[in-house]
2 protein chains.
Amino acid sequence: MPRRRVSPDRILAAAAAEFADRGFAGARVDRIARRARVNKAMLYYHFKSKQRLYRTLLRRVFTRAGERLLAIAAGAAPPRDKVDEAIAVFATLVREHPFLPSVMLREVAEEGAHLDRETLTTLARVPRAFAAIVAEGIAAGAFRDLDPIAAYFTIVAPIVFFQASAPIRRELSAMRLMPPASDSSDLFVRHMQESIRRAFAPDATQKRSPR
Amino acid sequence: MPRRRVSPDRILAAAAAEFADRGFAGARVDRIARRARVNKAMLYYHFKSKQRLYRTLLRRVFTRAGERLLAIAAGAAPPRDKVDEAIAVFATLVREHPFLPSVMLREVAEEGAHLDRETLTTLARVPRAFAAIVAEGIAAGAFRDLDPIAAYFTIVAPIVFFQASAPIRRELSAMRLMPPASDSSDLFVRHMQESIRRAFAPDATQKRSPR
DNA sequence: GTCTATACTTCGATAGAC
DNA sequence: GTCTATCGAAGTATAGAC
């Protein structure tokens with residue numbers, strides 16, 4: 001019989017929603033406790049402070065994200081396909097964890113103010129894994145000469161931004177201030193895959209031979 | 001003789017820095033007042049509330065951004081060049097107003113919670129102007145078939161993200177967790193221009209004739 | 001327009017019984 | 001592990017003299 005989800009997990013889930021909605025500073029511990037149906041003292045019993053709760057949450061998600069990306073990087077597919085897969089994984093992660101895009105956006109804006117060394121290390125595995133794919137592709141002549149970190153942002157930023165902006169885009173559409181974008185995020189994923197494939201392709205004029 | 005900057009302007013400048021650093025919820029009115037070298041009562045005298053101060057600030061910047069982009073859209077250059085110009089303008093805006101990327105990131109994450117109708121209207125002029133350029137390019141056969149709004153995010157998100165993430169990237173580099181990216185934002189602008197030019201190009205196999 | 005002082009509220013965190 | 005009650009700090013906003 002499926003046991004009822006235990007307190008710490010419920011708290012983490014509630015915190016994810018609250019932090020996504022309001023950011024670290026805007027998040028209210030009372031609200032998190034209420035959403036999790038525990039009282040505040042219980043929350044402090046499990047996670048010492050608002051900050052530690054926040055960091056625990058981030059480490060969890062970025063650990064999973066890093067693992068998935070590393071699996072792709074370690075695969076045997078051609079670099080072009082790995083990038084396609086990476087784009088799909090980013091999009092999936094962002095949909096599976098709706099709080100991810102908001103939190104990423106905010107944490108970037110905040111210059112990582114709430115992150116400790118360990119959390120930063122976990123977080124950094126994601127761009128590292130992606131950069132490895134790009135570097136491999138450049139070396140193999142599958143991509144033009146790119147800065148792997150620049151390439152990472154070229155891909156991740158639109159996915160995160162597009163997903164996170166869905167509510168505000170819907171509002172602007174309702175106000176007739178913006179044409180409604182294709183609401184299917186699948187379409188956007190394909191748009192990104194197609195765009196990046198072209199953007200990263202080596203110049204067609206001459207075939208580069210691996211030396 | 002250049003008169004000393006008047007209070008409301010100093011307050012707006014200070015507010016820009018504070019909101020960029022901490023977000024709306026994290027921003028402290030006391031700090032804004034101190035940064036502006038006015039006292040808190042003065043701030044409330046000019047701008048009624050923290051929220052009105054915030055909105056005033058955003059309307060100012062997005063008004064300028066919208067104007068610049070509309071000027072490009074109205075120009076006579078070919079669509080490809082207009083997009084190059086738009087990319088350059090976004091990058092310039094983001095550098096001229098260092099608070100812009102943080103605030104955009106946060107406002108997207110917050111689903112526009114602090115924005116009223118008027119501010120949203122001002123803000124929406126930017127994607128509208130850009131989408132017009134893309135639509136023109138598609139109609140002229142200069143671009144492949146794109147969702148103009150998707151195209152907008154494909155461009156703006158990396159620029160904003162890359163600029164806003166500079167501090168956290170520097171930290172990660174210092175921790176040896178990430179290779180230092182080309183710090184020159186000019187390089188990134190050229191990367192984006194080159195990438196987008198390729199990403200938006202129509203299929204080379206067949207020339208489309210305008211009907 | 002500008003200041004000091006302060007009212008009022010909310011929040012993060014803890015004490016202590018069970 | 002779970003609760004109620006509450007403290008002390010910090011925050012937004014205002015009153016009222018100049």
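Excluded from the calculations below are hydrogen atoms, water molecules and symmetry mates; all remaining heavy atoms, backbone and side chain alike, are included.
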- Task: State whether B/Lys50 and B/Glu18 are salt-bridged, where the test is any N-O pair (Lys NZ or Arg NE/NH1/NH2 against Asp/Glu carboxylate O) under 4.0 Å.
- Result: no
- OH of B/Tyr45 versus P of C/dG1: gap in Å, rounded? 5 Å
- Query: Under 4.0 Å between a side-chain N/O of B/Asn39 and OP1 or OP2 of C/dC3, yes or no?
  - Reply: yes
- Cation-pi check, B/Arg125 onto B/Phe130 ring (under 6.0 Å, within 45° of axis): no
- Task: In whole angstrom, give the distance that lies between atom CG of B/Leu43 and atom P of D/dT14.
- Result: 12 Å
- Note on the structure: Rounded to whole Å, CD1 of A/Ile11 lies from P of D/dG1 at a distance of 11 Å
Show the distances under 3.5 angstrom between N or O atoms of the protein and N or O atoms of nucleotides 9-13 of chain D.
| from | atom 1 | to | atom 2 | distance (Å) |
| --- | --- | --- | --- | --- |
| D/dG11 | OP1 | B/Arg28 | NE | 3.0 |
| D/dT12 | OP1 | B/Ala27 | O | 3.1 |
| D/dT12 | OP1 | B/Lys50 | NZ | 3.1 |
| D/dT12 | OP2 | B/Val29 | N | 3.1 |
| D/dA13 | OP2 | B/Tyr44 | OH | 2.8 |
| D/dA13 | OP2 | B/Lys50 | N | 3.1 |
| D/dA13 | N6 | B/Lys40 | NZ | 2.6 |

- Item | Salt bridge present between A/Arg68 and A/Glu96 (N-O < 4.0 angstrom) | yes
- Item | side-chain N/O A/Ser7 vs D/dT2 OP1/OP2, d < 4.0 Å | yes
- In B/Arg197, B/Arg190, B/His191, the residue satisfying side-chain contact (heavy atoms from CB on, under 4.5 Å) with B/Gln193 is B/Arg190
For nucleotides 16-18 of chain C, tabulate all protein N/O to nucleotide N/O atom pairs closer than 3.5 Å, reporting atom names and distance.
none

- Message: Using side-chain heavy atoms (C-beta onward) and a distance below 4.5 Å, is A/Arg59 in contact with A/Asp116?
- Response: yes
- Message: Would you say B/Arg144 and A/Ser195 are linked by a side-chain donor-acceptor pair, where the criterion is simply a distance under 3.5 Å?
- Response: yes
- Task: May I ask you to test the A/Pro101-A/Phe162 pair for a side-chain heavy-atom distance under 4.5 Å?
- Result: no
- Message: Less than 6.0 angstrom from the centroid, inside 45 degrees of the normal: does A/Arg169 satisfy that with respect to the ring of B/Phe153?
- Response: yes
- Rounded off to whole Å, could you give me the CE-to-C1' distance for the B/Met42 and C/dA5 pair? 17 Å
- Could you state the atom-to-atom distance from CZ of A/Arg34 to P of D/dC3 in whole Å? 15 Å
- Query: Given A/Phe19 and A/Phe99, is the ring pair (Phe, Tyr, Trp, His ring centres under 6.0 Å) satisfied, shown in steps?
  - Reply: CA-CA 7 Å; A/Phe19 285 129; A/Phe99 81 99; 8.8 Å; no
- Query: Starting at CZ of A/Arg52 and ending at P of C/dA13, how long is that distance when rounded to a whole Å?
  - Reply: 11 Å
